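Right, one structure below, let's go through it.
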Amino acid sequence: MYVVVAADPEGRGGTLRPEDGIAAHVTDLAAAIAGDAGEVRWVWGDTRRIYPGVLAQGARVGRCYDIALTEGLLLAAEGRFGEPRSAEAAYARAHGLPVPEDREAVAEGGQGLLFETEPRDAGFGIPEADLVAEVYRGQLARIAQLPEPGKFRLLVAAESAGALIAAEMGFHGMPWREAVHDALLTELLGPRPAHGMRPAKLQALADEVAAAFGQAVNPDSPQQIVKAFKAAGLTVPSTRSWVLKQVEHPGVKPLLAYKELARLYSFHGWVWADQWVRGDRFRAEYVVGGVVSGRWATSGGGALQIPKLMRRAVVADDGWTLVVADAAQLEPRVLAAMAQDGGLARAAGEIDLYAALAKAFGGSRDAAKIAMLSAMYGGTSGDAHKLLAVMRQRFPQAYGFVEDAARAGEEGHLVRSWLGRTSPPPSARWRALVSGPEGVRAARDRGRFTRNFVVQATAAEWANTLMAILRANLPDPARLVFFQHDEVMVHCPLDQTPTVRAAVATAADEATRLLFGDTPVRFPMEAVAVTCYADAK
């Protein structure tokens, strides 16, 4: 089989250590997992490839170590960001062999990731389990050589737990009432059209656009729209909504309405539902660490871009509820904890961080928010310069923390998150730009990226750690069914609501302690129980 097991006799649950060893190779994975009493950690090459098959057989893993995710983190830490990260690639590098390109797990619509029922040939004359075991030991040795191996082990554990959660969310799905979704679409667009035709309300708006311009115009064609405006004596640089809103012409109103409904029809219409919704469940394909900062992405389904209107279709099963929680002002709190800035940390000990900071900015909560966001994102417009001067004076450690990260980026250096996720190196194109007339601008652009990377990546680590703890503490049959940056959703029976809400709060406190130790910074996660997702906010 393609799995090995690392012993964890003390049930530590959090991170692996160099002394942890391989206890056994496994041939019947599902049966072995079913008999796991929580004393082992499952080590395999790629959770996305293997775990859906485990779930399909009715088994559920408590803890795992994902070789591919760990290799990606290690390569970045070693200045080799973007190289192939599979177990086979890691083995080849260690033995001086040609390194194979990564083979992504194949996705098939809303059917979930395909998985292999038989062990793969590793391609090096060695069984896959032996290859994975060797790479695993090598990774532990490499981690031990890092400047802060303890933090990095926590990062690996959280990332691996995230891979389990992502697979489970795709397998079990988020409650999505197909009848409600169909009714919403019919209300907004008209009845489902025949293939190749527009819905009735979209066609009516398209006819209004054509009438306003006095000629046939395809509202889906930016080129035709620009040409139509030009014929009317108006020059528009693009057909973006914010550009069109500044134009005085009778065609603008129906065109904007068309664009909004067309986007909904394209991204969450009937064809989308046919592909991604089955049995009143939306089954997206999540990609852990799909963004360079460590945030999740999706390879299908658009789960991270559900319009507010479509949230009306996310409805709990009868006798169940949705427990929804998000971390208020997560990134400013992360900055306060990392920088250990006493003044900012005290403000971050309050529920509303911006309100607590208002006194330092003339009593204005909005000014405090602008100052914090400008510091983290490199904003310079409006009153940003004046507010940043206050930030520099009143919260010097926090301001200096992001300034140091920005300066490192401008100079072409790498920066790292709190647990050790490493930013991508500057590209050859960037280096060429820096040495040319656009050098100052290119340097500042990268500085803005690294400034935010250290904060956003650490926020992603906190969120992953929170989810790992929450998953472990949820009572059966409650399940995590949705995650987006700093928001989680649990689907659970009504009588488990108090337990789940308490588990969310406990997970937030424990994640904070694991990452930042004894800190006055609070990361409040107020969980609300709703029948419909649209009622959560």
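Below, each value reflects all heavy atoms present in this structure, side chains not excepted, and no hydrogens, waters or symmetry copies. Computed from a predicted structure; not experimentally measured. Numbers for residues simply follow the sequence, beginning at 1.
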Can I get a per-line list of side-chain donor-acceptor pairs under 3.5 Å for residues 301-318, giving both atom names and the distance, sequence neighbours left out?
| unit_1 | atom_1 | unit_2 | atom_2 | d |
| --- | --- | --- | --- | --- |
| Asp317 | OD1 | Arg281 | NH1 | 3.2 |
| Asp317 | OD1 | Arg281 | NH2 | 3.4 |
| Asp317 | OD2 | Arg281 | NH2 | 2.5 |

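For the pair Arg295 and Glu331, the salt-bridge criterion is met [side-chain N within less than 4.0 Å of a carboxylate O]. Salt bridge absent: Asp366 and Lys369 never bring a charged side-chain N and a carboxylate O closer than 4.0 Å.
With Arg416 as the fixed residue, the side-chain hydrogen bond (donor to acceptor under 3.5 Å, both in side chains) test singles out one of Thr450, Thr422, Thr458: Thr422.
Counting non-hydrogen atoms of other residues, nucleotides and ligands closer than 6.0 Å to CD of Glu526 gives a total of 12 or fewer. Summarising the local packing, NZ of Lys151 is surrounded by more than 12 heavy atoms from other residues, nucleotides or ligands at distances under 6.0 Å. Other residues, nucleotides and ligands contribute more than 12 heavy atoms inside 6.0 Å of the NZ atom of Lys201. Crowding of Glu78 atom CD: a count of heavy atoms from other residues, nucleotides or ligands under 6.0 Å exceeding 12. Atom CZ of Arg60 sits in a crowded spot, with more than 12 heavy atoms from other residues, nucleotides or ligands closer than 6.0 Å. Around atom CZ of Arg392, more than 12 heavy atoms belonging to other residues, nucleotides or ligands sit under 6.0 Å away.
A donor-acceptor pair under 3.5 Å is formed between the side chain of Tyr51 and the backbone N or O of Val61. A donor-acceptor pair is defined here as one N or O able to donate and one able to accept, closer than 3.5 Å; such a pair exists between the side chain of Thr506 and the backbone of Ala502. Of the possible donor and acceptor atoms, none in the side chain of Glu410 sits under 3.5 Å from a partner among the backbone N and O of Arg444. Panel note: side chain His268, backbone His181; no donor-acceptor pair is recorded below 3.5 Å. Of the possible donor and acceptor atoms, none in the side chain of Arg153 sits under 3.5 Å from a partner among the backbone N and O of Glu148. Using a distance-only test at 3.5 Å, with no hydrogens or angles considered, a donor-acceptor pair links the side chain of Arg333 to the main chain of Ala328. Without hydrogens or angle criteria, Gln246 side chain to Trp242 main chain gives a donor-acceptor distance under 3.5 Å. With hydrogens and angles ignored, the 3.5 Å screen pairs no side-chain donor or acceptor of Thr47 with any backbone N or O of Leu164.
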Practice task
Give the C-alpha distance, both sets of side-chain angles, the deciding distance and a yes or no for side-chain hydrogen bond (donor to acceptor under 3.5 Å, both in side chains) between Asp326 and Gln484.
Solution key: CA-CA 9 Å; Asp326 63 6; Gln484 180 178 355; over 6 Å; no
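Smallest separation of non-hydrogen atoms from Cys532 and Leu322: C-CD1, 4.3 Å.
Ring centroid separation for the pair Phe449 and Phe453 comes in under the 6.0 Å cut-off. Aromatic ring centres of Tyr533 and Trp176 lie farther apart than the 6.0 Å criterion allows.
Taking the six-membered ring where tryptophan is involved, the planes of Phe516 and Phe523 are essentially parallel, since the angle between them stays under 30° and well short of 60°.
In this view, Asp509 satisfies the salt bridge (charged side-chain N to carboxylate O under 4.0 Å, His left out) rule with no residue, not counting sequence neighbours.
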